[in-house]
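In what follows, a structure is listed as structure tokens, so that the remarks can point back to it.
Residue numbering restarts at 1 for every chain, and letters A, B, ... go by the order of the sequence lines. Because the structure is predicted, anything quoted here is derived from the model rather than measured.
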Amino acid sequence: MKKLALILLALGVTLALMIACTPTLGPTATPTPTPTPIQITDDHGRTVSIVETPQRIVSLAPSATEILFALGLGDKVVGVTDYCDYPPELLDKINATEIQRVGSYFPGFNLETIVALEPDVAFAIGATVPDYVNDLEGLGIAAVVLNAKDIDGIFHDIELVGEVTGKDAEAEALTTDLKEQIDEIVATVANASIPSIFYGSDVSDPSALWTAGNGTFIDAFITMAGGENIAGGVEGWTTFSLEVLIDYNPDIIVLGGALWGVSAEEVSGRAGWQDLDAVKSGNIFAIDDTLLVRPGPRIADGLDLLAGLIHPELFD
Amino acid sequence: MFALGNKTIKMFTRLKQNRRLLILLALGALLLLCLLIAAALGAVSISALDIIKMTLNKTGLFDFSATWQPSAETILFQLRLPRVIAGALVGAALASAGVLFQGLLRNPMADPYIIGTSAGAAFGATIAMMLPISFAFLSFGLVSIAAFLGALGAVFLVYNLARVGGKTPIVSMLLAGFAVSAMLTAVMFFMVTRGGRPELLHNAFSFLMGSVSGTDWTQIAIIAPLIIGGIVVARFLAFRLNAFSLGEEGAAYLGINVEREKLIILSLGSLLTAAAVCISGLVGFVGLVVPHAVRLVLGPDHRLLLPAAALSGAAFIVLADLFARTVLAPSEIPIGILTAIIGAPFFIYLLRRTRREYAF
């Protein structure tokens with residue numbers, strides 16, 4: 001009985017408030033902060049309408065997750081991909097089931113799980129508009145597709161996420177900070193010698209050592225860190241054979257995939273690798289490449305790591 | 001004496017017809033059961049009662065108040081049901097196409113993809129994936145459309161390459177199909193490796209493994225008549241398929257216009273396959289093994305084999321997809337993996353259990 005009375009009371013108060021707040025009579029009525037719908041244009045020129053500041057956000061890419069957390073939106077993220085692993089706070093929230101995993105773009109997101117989370121907006125990445133984004137749109141979920149092609153594109157994406165989520169100021173502060181860090185590193189290596197670099201994103205197959213050519217973030221970072229990418233003349237992701245690598249004989253070899261168990265010692269011991277100058281001089285390193293391949297807020301850390309490997313004399 | 005014999009034969013035929021009807025009704029009921037189970041289960045659980053209420057509300061005759069989240073309705077009607085129905089259509093199409101190709105080619109390794117549809121579809125889809133544009137026509141994406149055209153284009157090419165002096169010998173067709181498939185597959189993998197984008201590899205792989213996720217009602221509205229109509233037409237070809245089991249020469253002695261019927265069966269099988277491929281990518285195994293399994297259990301008469309394989313194939317894919325989306329939920333497993341993992345042991349069991357020798 002008491003409960004019922006309470007509910008009725010609450011209802012009454014709400015109703016009264018609603019009537020009181022309806023801005024109908026004269027200039028004395030308090031103006032309610034009516035949400036103004038904003039129209040944003042994503043990286044594929046799609047117009048996305050954001051009616052209210054999103055309170056429930058699904059991230060469909062590790063980079064988008066990192067941007068959201070960096071902008072202080074961790075509490076509004078309700079869904080992330082199977083591959084989202086940063087920041088540590090995210091993992092705590094997943095363990096506490098505050099955030100749910102929704103699958104991965106390969107072999108496919110679980111649309112049922114996404115819809116059940118009732119998100120206001122989803123952030124995705126893709127060189128073209130992914131199918132699942134069209135699916136989400138068809139289900140009435142606003143989806144913003146990010147597609148940073150270069151470092152400036154990353155800054156733009158951070159600001160785009162800020163705009164969609166009402167964190168414009170935070171986004172600007174973040175990009176300003178990142179730009180300063182990056183400029184400082186670039187200035188530090190400006191007059192140094194330029195060693196040649198081989199970046200191996202996946203070297204498990206000796207006949208097809210995957211590396212990053214022109215147009216990839218890795219290539220841009222190698223140049224900014226004061227190195228010369230030996231695959232810089234090839235477009236996009238490509239493969240080198242071990243023969244070609246030996247022929248180039250780069251000064252420094254950087255391997256991705258340290259998080260997946262790739263180690264410089266193991267690769268150095270493989271047949272054919274011992275003859276490389278980089279291996280003989282110990283200039284072969286395995287790194288956590290998520291810093292370099294995710295177009296997110298840790299790119300300055302990634303650049304710092306890379307520059308430190310290429311020019312140890314200039315960094316402590 | 002003579003009259004009695006005639007009567008016995010009549011009774012026997014009726015019994016046989018009834019048996020056929022009963023088997024098909026039983027398989028239809030099984031499919032319906034699979035559809036209901038698959039609609040009720042998923043990554044997000046919705047209670048059976050809510051599903052019944054939601055569905056009754058949709059008829060407009062009832063108005064139960066919502067005891068469920070609004071998203072549950074979206075999940076059931078816009079995601080799960082289209083997907084389940086798409087699975088049934090794909091399974092039915094591939095199993096029927098498998099029966100058509102096996103019956104026509106009299107080759108136990110024949111499946112819907114044998115004369116180039118899979119390679120053609122993958123080739124078309126990969127080109128579409130590499131193009132930096134995306135558009136949708138009647139809610140089919142560029143990749144689906146290109147896969148559909150690629151599948152049909154490859155068969156057209158193979159048929160014409162194998163044609164010698166007004167005839168298309170089956171052996172030449174199989175060999176030409178093999179060569180064209182090999183070439184298209186090689187070019188496809190070349191494009192994928194040189195595409196310069198890692199996601200291309202993922203997309204191509206996804207296509208090769210198949211998936212019925214993300215199908216919508218518009219796609220079903222277009223594909224369903226094509227597939228169901230195709231299967232009905234195929235059933236009318238059952239007698240000719242039975243004739244083909246005697247070999248081309250035998251079929252000709254029975255008064256079959258071999259070349260014409262060959263073209264009809266081939267076109268129908270390819271159309272069914274292409275229709276399935278454009279909603280699901282290349283789902284393997286079902287088109288090869290379901291016809292064999294049904295033949296092992298029910299015998300080689302195409303009048304029963306064809307509809308029975310269609311119903312079994314439909315139920316099989318619906319179940320495989322149910323596993324694909326629930327076993328590791330919220331992650332999904334490509335359906336092509338599950339069709340083989342579930343299907344192969346079952347098929348081996350059938351093969352070992354059957355005492356009689358395998359008959360085509």
Requested in this report: Answer yes or no: does atom CZ of B:F64 have more than 12 heavy-atom neighbours from other residues, nucleotides or ligands under 6.0 Å?
Outcome: yes
Query raised in the report: Checking A:T239 against chain B: side chain, backbone, both or neither under 4.5 Å from a heavy atom?
Result: both
**Report entry** Region of A:V115 that comes under 4.5 Å of a non-hydrogen atom in chain B
**Finding:** both
Report summary line: Distance col, row B:L328:CG vs A:D82:CG, nearest 0.5 angstrom, shows 9.5 Å
Query raised in the report: Between atom CH2 of A:W237 and atom CG of B:L201, what is the distance when rounded to the nearest 0.5 Å?
Result: 12.5 Å
Report task. For A:D131, look at atom CG and say whether over 12 heavy atoms of other residues, nucleotides or ligands are found less than 6.0 Å away. Result -> no
Query raised in the report: Is the number of heavy atoms from other residues, nucleotides or ligands within 6.0 Å of CD (A:E243) greater than 12?
Result: no
**Report entry** Structural part of A:S104 lying under 4.5 Å from a heavy atom of chain B
**Finding:** neither
Query raised in the report: Taking all non-hydrogen atoms of both residues, which atom of A:E112 and which atom of B:I75 are closest, and how far apart?
Result: O-CD1, 3.3 Å
Report task. Kindly check if the number of other-residue, nucleotide or ligand heavy atoms within 6.0 Å of NZ (A:K149) is above 12? Result -> no
Query raised in the report: What are the two closest heavy atoms between B:S71 and A:A116, and how far apart are they?
Result: OG-CA, 3.7 Å
List, one per line, each side-chain donor-acceptor pair under 3.5 Å for residues 335-345 of chain B, sequence neighbours excluded.
{"unit_1": "B:T339", "atom_1": "OG1", "unit_2": "B:G284", "atom_2": "O", "d": "3.2"}
{"unit_1": "B:T339", "atom_1": "OG1", "unit_2": "B:G336", "atom_2": "O", "d": "2.9"}

**Report entry** Segment of B:S211 engaging chain A (4.5 angstrom heavy-atom cut-off)
**Finding:** neither
Report task. For B:F77, look at atom CZ and say whether over 12 heavy atoms of other residues, nucleotides or ligands are found less than 6.0 Å away. Result -> yes
Report summary line: So ring-ring contact (aromatic ring centres under 6.0 Å, His included) across residues 115-135 of chain A, not counting sequence neighbours, yields A:F109-A:Y132
Report summary line: Closest heavy-atom pair, A:Y105 versus B:N203, reported as atoms and distance to 0.1 Å, is CE1-OD1, 4.5 Å
Query raised in the report: Can you name the nearest heavy-atom pair linking B:P70 to A:E118, along with the distance?
Result: CD-OE2, 3.9 Å
Report summary line: Rounded to the nearest 0.5 angstrom, the CG-CZ distance for A:N110 and B:R325 is 9.0 Å
Query raised in the report: Which residues, numbered in order, of residues 78-93 of chain B come under 4.5 angstrom of chain A by heavy-atom distance?
Result: B:Q78, B:L79, B:R80
Query raised in the report: Of all residues at least two apart in sequence or in a different chain, which pass the side chain to side chain contact (heavy atoms under 4.5 Å, CB included) check with B:S144?
Result: B:F140, B:C278
